[in-house]
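Data block below; observations after.
Proteins get letters first, then strands, A, B, ... in listed order; numbering begins at 1 in each. Values below: all heavy atoms of this structure, side chains included; hydrogens, waters and symmetry mates excluded.
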2 protein chains.
Amino acid sequence: MKKYFGILRKCPLFDSIEDDDLLGMLGCLGAKVESFDKKYTIFAEGTPARYIGIVLSGSAQIVQVDYYGNRSILSEIYPSEIFAEAFACAEVPSLPVSVIANEPCEVMLISCAHILHTCANSCGFHQRLIFNLMKDLATKTIMFHQRIEITSKRSTREKLLTYLTMQAKKAGGDRFDIPFDRQELADYLEVDRSGLSAEISKLRKEGILECQKNHFELL
Amino acid sequence: MKKYFGILRKCPLFDSIEDDDLLGMLGCLGAKVESFDKKYTIFAEGTPARYIGIVLSGSAQIVQVDYYGNRSILSEIYPSEIFAEAFACAEVPSLPVSVIANEPCEVMLISCAHILHTCANSCGFHQRLIFNLMKDLATKTIMFHQRIEITSKRSTREKLLTYLTMQAKKAGGDRFDIPFDRQELADYLEVDRSGLSAEISKLRKEGILECQKNHFELL
DNA sequence: ACAAGTATGTTGAATTTTCAACAAAAGGAG
DNA sequence: CTCCTTTTGTTGAAAATTCAACATACTTGT
């Protein structure tokens, strides 16, 4: 377990928790590590939410697919980030999303029961854990607001520019990489892929942006 | 303050907290009550998030307006419900949304500083408060997922039907009222109002639904 | 009861998006 | 290197959304 400490230290769930305490805590929480191949479904839509996940290596996507096969990408998850915490905390009987391995990855799973109901020997860090979880959920809620700010735009062009502007801001400069290929970006922005490609071409011709693959530059 | 206890008891923030403890707690939190007229801006976009709000009477809307004046309604808030908690918990320096009074309303405000940093005399219920807040944020996150499930649909018709189906499920029957007028529903679904009206007419003619004003029936 | 203002429904034109199909480019496996 | 697969760009036609304008119904305040 120790080999993951570098990642876990950066996980918001364990903020302000010392290494010395972490190991005992993980035991107390019944944390386990699992590995998944690329494209493997880590959590399937429709199944009950029982675990909080933490990505240790690789990456995963939160996706929603409707009966027509339209995929909507809700977010992308990287090492030391948490997923499915909202569903686990609310103990929902049926996940409204799936979590898919983007590439081979390792994930730490912690059962929500262990988090929600203080353990008998009540490790003193449980309160801190709840607090951290609260902080994390607040951050996630804000992320959703940002996503809505993007997808509420009515045109492909505006959605794309809003998204790219946010990414530039986040990267602290006009050059940055995005974590999506074209189809994924379309599924994130909720637009048609070919229309998105066309729009990118247009913006390029207008001299508004440069891009090669997933590297963008706003001009 | 006592006259609001009926409402506050139902507020998820005070779940499992006894009436006897509530009064002291509210004092400890520095809770204050304010009144707002219809259409008044309770919290303005761009201002720092300092307070959690609880609606005591009337109702409010969370809205986002872009530079073209396109309004997007994020949610509707009724008595005993909390708002702005995510921004307060994350102490964001600039609110990405506004909160507008839908009708004359009373609101309880609790400063986030009081919630996040345990008070010196450390009332024993603070831990429970954090836990409740965590639960509430999990629920809100799930609400956002539902909203995305609606708005990620590509056509007005599908958005509308997805929304109405969810409302019917929530109401536990095929007849139900929605909390929006046509323009608000359009702003919630992120579609054009006239197109929405046209779609409703079409669904009526096809015998799929009945409606008068904001009362709907799925057939 | 009336007038003024607001909300809703309806329409056609303009614009966009979606869809389908294909070509070109890039990436991976052997 | 070559073949095969996947990704990306391009296009035109079909479908849908948006927009503007207006008629009608409904509310509200006086």
Residue-phosphate contact under 4.0 Å: Thr156(A) side-chain N/O, dT17(C) OP1/OP2: yes
Upstream residue (5' side of DNA chain C) when Ser197(B) and Arg154(A) are each assigned their closest nucleotide: Ser197(B)
Candidate nucleotides dT17(C), dT11(C), dT17(D), ranked by approach to the side chain of Ala198(B) - the nearest: dT11(C)
N/O donor-acceptor pair, side chain Arg204(A) with base dG9(D), under 3.5 angstrom: no
The single option from Phe216(B), Phe176(B), Tyr188(B) passing ring pair (Phe, Tyr, Trp, His ring centres under 6.0 Å) against Tyr163(B): Tyr188(B)
Distance in angstrom units between Lys213(B) NZ and dT6(C) P, rounded: 16 Å
Which nucleotide in dA20(D), dG9(D), dG9(C) has an atom nearest any side-chain atom of Ser194(B): dA20(D)
Check: His145(B) ring centre within less than 6.0 Å of Phe87(A) ring centre: yes
Separation of atom CG in Asp192(A) from atom C1' in dA13(D), rounded to whole Å: 14 Å
Nearest-nucleotide pick for Val191(A), side chain only, options being dA21(D), dT8(D), dT18(C): dT18(C)
Value in whole Å for how far the C1' atom of dT11(C) lies from NZ of Lys205(B): 11 Å
Spacing between Glu158(A) atom CD and dT17(D) atom P, to the nearest angstrom: 18 Å
Rounded interatomic separation in angstrom, taking NZ from Lys39(B) and P from dG5(C): 14 Å
